[in-house]
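A short write-up of the structure that comes next.
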Protein chains: 2
Amino acid sequence: MKEGPDIARIAALIGDPARANMLTALMSGKALTATELAAEAGVTPQTASVHLGKMTEVHILQKRKQGRHRYYAIRDENVADVIAGLMGLAEKVGLTRTRTGPRDAALRTARSCYNHLAGDMGVRLFDALYERGYLSRSGEDLRLTDAGHDFFADFGIDFSALDQKTSPMCRECLDWSARRSHLSGNLGRAILDRLIELNWAARDTNSRAIIFTKRGKAAFIDTFG
Amino acid sequence: MKEGPDIARIAALIGDPARANMLTALMSGKALTATELAAEAGVTPQTASVHLGKMTEVHILQKRKQGRHRYYAIRDENVADVIAGLMGLAEKVGLTRTRTGPRDAALRTARSCYNHLAGDMGVRLFDALYERGYLSRSGEDLRLTDAGHDFFADFGIDFSALDQKTSPMCRECLDWSARRSHLSGNLGRAILDRLIELNWAARDTNSRAIIFTKRGKAAFIDTFG
DNA sequence: TTCACACTTCGATCCAGAACGAAGCATTTG
DNA sequence: CAAATGCTTCGTTCTGGATCGAAGTGTGAA
């Protein structure tokens with residue numbers, strides 16, 4: 001009827017329960033995969049896919065392809081602000097969602113991400129390596145420095161095998177439990193393998209959790225912390 | 001699925017085209033009647049009534065009864081901020097509504113509101129009276145001071161008739177074209193009647209517009225300006 | 001290569017909720 | 001008082017869009 005921006009389209013998108021659940025999950029700042037978001041929303045992956053497509057289309061979300069996963073995240077500060085504002089309004093009126101049981105904390109501390117270490121431990125590792133100058137960034141690429149090469153050779157990584165592979169040695173991987181990055185790529189995989197080989201940690205059979213032994217955790221912190 | 005405020009309910013309300021149109025109309029800061037909002041939204045009064053009820057229920061809107069009208073306004077700054085934010089998002093993606101022709105400017109300058117003067121002229125009148133000390137506010141009530149009484153007696157208002165009425169002499173009325181108040185009540189009505197009696201102004205036959213003559217406008221400004 | 005997994009697209013179903021006609025209530029006007 | 005106006009409530013219709021099963025695409029693992 002009048003001129004002006006069309007609020008309805010955007011608000012209607014946020015207004016669907018499934019999508020709203022996804023958005024609140026993403027408000028943590030983490031990037032989540034389509035399947036994870038489907039679980040958060042309580043719908044099947046097909047349905048989630050449609051929702052995510054629509055939200056990406058109007059630039060509410062940002063899509064990031066990584067291997068066979070699609071990571072979705074809140075597009076920018078402006079979107080986050082609006083959602084936060086809506087939360088404020090809802091809160092004031094006493095509109096709250098039903099809560100479920102607490103999430104598995106083990107997954108947040110350490111878990112496998114494809115084949116490498118993720119979670120708090122993974123992020124901590126990444127930060128330490130970067131700080132010590134074992135990793136260096138040039139643009140989008142992540143590189144293992146000579147010092148880093150020596151360090152990991154000492155740690156027991158077999159570079160003779162790794163160097164032959166065509167896939168990248170180091171890659172940055174978005175971590176969903178922390179909002180930071182952790183180390184992916186061939187090196188990331190090799191590190192996790194070595195951690196298990198050393199009996200510092202083991203894969204949980206039922207989940208993606210990585211269980212550190214007491215000795216293993218101490219050694220990990222001693223080595224990388 | 002998770003705990004936290006329920007965005008969906010609020011956003012879904014804003015997400016309906018009819019309601020979104022109403023909200024954008026109200027974003028001017030003006031308070032509008034249910035019928036006016038129905039026209040803005042392009043729906044019948046029944047439908048508008050339901051919409052307005054829902055929005056009032058979750059404290060997005062504020063309802064104010066005035067005579068046989070219901071004035072609706074944006075509840076508070078927080079709500080306005082969220083809507084403004086949504087406008088920003090929509091604008092950025094290029095989602096705009098179709099525009100219509102320009103609105104009738106005459107209605108904004110001067111019109112009848114029930115039986116008294118509204119629009120820019122009405123607001124100006126109200127401000128001037130208040131500033132000169134002819135009107136005084138005590139809490140919610142508006143009172144005509146003794147000086148005001150004398151002034152309007154000079155102007156030609158017949159208080160002998162007005163004083164007998166039980167309905168309030170002075171009332172504050174929300175103005176939709178300006179966001180300020182103008183004078184309502186028996187005195188408000190008497191003033192408009194007197195303006196017409198003096199041939200300073202006349203009612204438009206086709207609309208609620210009040211058309212001032214050149215002489216009338218000059219005299220009005222001279223008297224009240 | 002084959003299998004498994006993550007995700008998407010297609011097609012069909014189904015329901016919440018928007019819309020309006022009709023009728024009712026409240027207020028003002030005449 | 002009756003008539004007109006502003007608004008709301010009720011009951012019904014109908015459609016946009018969420019949902020999921022099934023099938024297709026692409027990536028990684030064995």
Side-chain angles (χ1 to χ4, degrees), chain A residues 8-9 11-22 31-39 41-57 61 63-72 112-116 165-168 171 173 176 184-186 188-189 193 208, chain B residues 8-9 11-22 31-39 41-57 61 63-72 112-116 165-168 171 173 184-186 188-189 193 203 208:
Chain A
R9 286 273 289 283
L13 281 178
I14 307 178
D16 176 77
R19 286 189 290 255
N21 282 334
M22 293 176 175
L32 299 178
T33 69
T35 313
E36 286 168 327
L37 287 168
V43 295
T44 57
Q46 310 96 293
T47 307
S49 183
V50 178
H51 287 318
L52 292 168
K54 287 179 183 174
M55 290 194 284
T56 309
E57 195 179 1
L61 294 185
K63 191 181 190 172
R64 186 169 154 179
K65 192 175 169 180
Q66 202 161 90
R68 54 181 169 182
H69 296 267
R70 305 294 138 86
Y71 276 87
Y72 288 92
S112 58
C113 176
Y114 317 127
N115 46 29
H116 56 270
K165 300 207 173 187
T166 55
S167 45
R171 254 172 42 201
C173 182
W176 61 257
S184 167
N186 293 331
R189 175 184 192 167
D193 289 348
R208 293 182 302 159
Chain B
R9 285 273 288 284
L13 281 178
I14 308 178
D16 177 77
R19 286 190 290 255
N21 281 335
M22 293 176 175
L32 299 178
T33 69
T35 313
E36 286 169 327
L37 287 167
V43 296
T44 57
Q46 310 96 295
T47 308
S49 182
V50 177
H51 286 319
L52 292 168
K54 288 180 183 174
M55 290 194 284
T56 309
E57 195 179 0
L61 293 185
K63 191 181 190 171
R64 187 168 153 177
K65 193 175 169 179
Q66 201 160 91
R68 56 182 167 184
H69 296 267
R70 304 296 136 85
Y71 276 86
Y72 288 92
S112 57
C113 177
Y114 320 127
N115 46 30
H116 55 270
K165 300 208 174 188
T166 55
S167 45
R171 256 172 40 200
C173 181
S184 168
N186 293 332
R189 177 184 189 166
D193 288 348
R203 296 176 186 271
R208 294 182 300 159

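What you see is a predicted model, and the numbers here were worked out from it, not measured in a lab. Residue numbering restarts at 1 for every chain, and letters A, B, ... go by the order of the sequence lines.
A straight line from CG of Asp16(B) to P of dC20(C) spans 11 Å, rounded to a whole angstrom. For the pair Gln46(B) CD and dT13(D) C1', the computed distance is 14 Å after rounding to whole Å. Atom-to-atom, OH of Tyr72(A) to C1' of dT8(C) comes out at 9 Å; the value is rounded to the nearest Å. One can place CD of Gln66(A) at 13 Å from C1' of dA6(C), the figure rounded to the nearest angstrom. Taking atom OH of Tyr71(A) as the reference point, atom P of dT27(D) lies 17 Å away to the nearest angstrom. One atom, CD of Glu57(A), and another, C1' of dG17(D), lie 15 Å apart when rounded to the nearest Å. If you measure from atom CZ of Arg19(A) to atom C1' of dG16(D), you get 12 Å, rounded to the nearest angstrom. Regarding Leu37(B), its CG atom lies at a distance of 17 Å from the C1' atom of dA18(C), rounded to whole Å.
Ranked by how close their nearest DNA chain D nucleotide is to the 5' end, His51(A) and Ala48(B) are led by Ala48(B). Taking the nucleotide of DNA chain D with the nearest heavy atom to each of Ser49(B) and Ala12(A), the more 5' of the two is matched to Ser49(B).
Side chains of Leu32(A) and Tyr71(A) form no contact here, defined as non-hydrogen atoms less than 4.5 Å apart.
Looking at heavy-atom distances under 4.0 Å, Ala18(B) makes contact with sugar-phosphate atoms alone, never a base.
At the phosphate of dG26(D), neither OP1 nor OP2 sits under 4.0 Å from any side-chain N or O atom of His69(A). Between Thr44(B) and dA19(C), a side-chain N or O to OP1/OP2 separation shorter than 4.0 Å is absent. The side chain of Arg68(B) contributes no N or O atom lying less than 4.0 Å from OP1 or OP2 of dA4(D). In this model, the phosphate group of dT8(C) is approached by a side-chain N or O of Lys63(A) to a distance below 4.0 Å at OP1 or OP2. Distances shown here put every side-chain N or O of Lys65(A) at or beyond 4.0 Å from the OP1 or OP2 atom of dG26(D). OP1 or OP2 of dA18(D) lies within a sub-4.0 Å distance of a side-chain N or O belonging to Lys54(A). Regarding contacts with the backbone of dC20(D), a side-chain N or O of Thr47(A) is found under 4.0 angstrom from either OP1 or OP2.
Between atom CD of residue Gln46(B) and atom NE2 of residue His51(B) there is a gap of 11.0 Å, rounded to the nearest 0.5 Å. Annotation: the span from Arg19(A) atom CZ to Met55(A) atom CE amounts to 6.5 Å, rounded to 0.5 Å. Rounding to the nearest 0.5 angstrom, the gap separating the OG1 atom in Thr33(B) from the CZ atom in Arg70(B) is 11.0 Å.
Around the CZ atom of Arg9(B), the shell of radius 6.0 Å holds no more than 12 heavy atoms that belong to other residues, nucleotides or ligands.
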